[in-house]
Amino acid sequence: MATRGNFSGRVGFILTAAGSAVGLGNIWKFPYLAGQNGGAVFLFIYLFCIFLLCYPVMVGEISIGRHAGLDAYGSYNKLGGPRWGYLGLFGITVGVFILSFYNVVAGWAFGYFLHISFGDLLSETDYSSFFGFFVNDILDLTSAEGLANSNFIFSAVFMAMTALIVGRGIQKGIEAANKIMMPILYLILICIIVYALTLPNAMSGVRYYLIPDLGELKIQTLFEGLKQAFFSLSLGMGTLMTYGSYLKKNENIPSSVAVISIADTSVAFLAGLMVFPLVHFLQYKLQVTEVATAGPPLIFIVLPQIFHEMGPLLGKVIGGLFFLLVCFAALTSTISLLEVPVAYLVDQKKMRRRVVSWGLALLIFVLGLPVMASQGMVPALNKLAFYKGQDYLVFISDMCDISLTVGGCLMCIFVVRQWKLKNMNEELSLGNPGYNASFLKKYLNFTIQYVCPVLLGILSIMIIIDKFFGIERVF
Ligand code: PFF
């Protein structure tokens, strides 16, 4: 066991787990979901999901991992037998698929970073066509321009950086990388917010973001909030279980989880506070009442246009910093995603970490090829007939979202029926002597036993119905 490695201490663990949580989900997804779903109403629902459902699930996952001291499969298998082991394998598979599409989007961000900082992206005039052209170019060897835009290369480099870090092990690779990237990430975020708030019309963006619009309250807002909270906190598939297995016994899990949740939520919140003043600045500049911020193009179409408006020098600095921020956020998450199957092969098959890191990275990169091709190059993947004509990227990301909430629900059932709350409580009282007499214990036991499995079960079923049939049509 001594060779598995562990985190050096509380700070290392918290920064690394927060690094997994803080990612594209916070910076790319959260602002536009909040914008589409009534601003502060969404924020409120999101916080509600974190407090009631995500916090207990995260505590449960980490305590299972630390108690078993193994990867996701090994932990379920050790504490619950081979049947529960399948739940671990399910989580590992979901992680592999998340990484397959996540790395492609991270590659886009990496490409934009290079193009803004070292190229002439800011001299473009039509960012919408540029994005269409960019995501469509998988590997064009016929011209220098084509090659410079090739997603294949950006994604491959991003995956290689991930493999390099994971291959170096827990303390020297994963923890060290997070300890560097996370503080820089916060610093960049704060600097851009401060700058954005000084721009003309910024306050209108803040109002749009923070004043609740109750008219937007729909059942889908709840679904979106829940899915986003699970994805954002990296729950439901064993990432935090795996990280928990490297945590020392004298660390206080509930308080670490509180810090991780706050760190993640604050980045999501701050990302909105960065993006909306920028968007409203653009509206002011263009003298329009609304620019389309719906959907993923927000950061790849609208924001570059804003950096363009800032002028060549300032645009390069702020735009370059912004995409560096996105790359750091993505990299700290891809590391955690790759660690899940790597830990499985290292623990269960006794393979060498460096070898499996590179081998799995290659495999997952190949799984990402259809994601790249789905952005226009292959029409059948661009409009999936069985999925309302949506593309493969949307499909795979939706399936993973659903799997996370289902995985979280099953984890709670595992704790209650198989592992038993008594054992979880014992694990949680290590490093937290007052735990057994605390209100927190009652809260966690009640939520893991009743609230989380029931609500996550019902909501998962409703989300599946909504995705495939549309909830309004069914009810
Ligand atoms: N939490 C990451 C984000 O918000 O971008 C995504 C993620 C990472 C999901 C790791 C799941 C996971 F296991």
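Atoms within each ligand, like the ligands themselves, are counted from 1 in listed order. What you see below is based on every heavy atom in this structure, not just the backbone, and it leaves out hydrogens, waters and symmetry mates.
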In terms of side-chain heavy atoms, does Ser234 have a donor or acceptor partner in Ser20 at a distance below 3.5 Å?
yes

Heavy-atom contacts with Ser336 under 4.0 Å: which atoms of ligand 1 show up? List them by number with element.
10 (C)

Using a strict 4.0 Å cut-off to heavy atoms of Ser333, name the atoms of ligand 1 that fall inside it.
2 (C)

Any idea which protein heavy atom is nearest atom 1 (N) of ligand 1, and the distance to it?
Phe231 O, 2.8 Å

Can you find an N/O atom of Met237 closer than 3.5 Å to an N/O atom of ligand 1?
no

Atom 4 (O) of ligand 1 has as its nearest protein heavy atom Ala21 O, 3.0 Å

Start with the C-alpha gap between Tyr443 and Phe51, add the side-chain angles, then the distance that decides, and say whether ring-ring contact (aromatic ring centres under 6.0 Å, His included) holds.
CA-CA 11 Å; Tyr443 177 75; Phe51 189 68; 5.6 Å; yes

Looking only at distances, please establish whether an N/O atom of ligand 1 is found under 3.5 Å from an N/O atom of Leu24.
yes

Nearest-neighbour protein heavy atom for atom 5 (O) of ligand 1, which is reported as residue plus atom name and distance:
Tyr102 OH, 2.5 Å

In the protein, what heavy atom is nearest to atom 2 (C) of ligand 1, and what distance, to one decimal place, separates them?
Ser20 O, 3.4 Å

Would you call the rings of Phe276 and His280 parallel, tilted or perpendicular, where under 30° means parallel and over 60° means perpendicular?
perpendicular

Taking the six-membered ring where the residue is Trp, are the ring centres of Phe130 and Phe300 under 6.0 Å apart?
no

Any atom of ligand 1 sitting under 4.0 Å from a heavy atom of Gly95?
no

For atom 13 (F) of ligand 1, grab the closest protein heavy atom and report residue, atom and distance to one decimal in Å.
Thr239 OG1, 2.4 Å

A quick test of your reading: do over 12 heavy atoms of other residues, nucleotides or ligands sit less than 6.0 Å from CZ of Arg10?
yes

Are Tyr76 and Phe414 close enough, and set up right, to give a ring-ring contact (aromatic ring centres under 6.0 Å, His included), and what steps lead you there?
CA-CA 9 Å; Tyr76 277 121; Phe414 170 81; 4.8 Å; yes

Which residue and atom name correspond to the protein heavy atom nearest atom 10 (C) of ligand 1, and how close is it?
Ser234 OG, 3.3 Å

Spacing of CZ belonging to Arg353 relative to CG belonging to Asp347, to within rounding of 0.5 Å
8.5 Å

Heavy-atom contacts with Gly25 under 4.0 Å: which atoms of ligand 1 show up? List them by number with element.
3 (C), 4 (O), 5 (O)

Taking atom types as modelled, find out whether Ser232 and Asp264 have a side-chain donor-acceptor pair closer than 3.5 angstrom.
yes

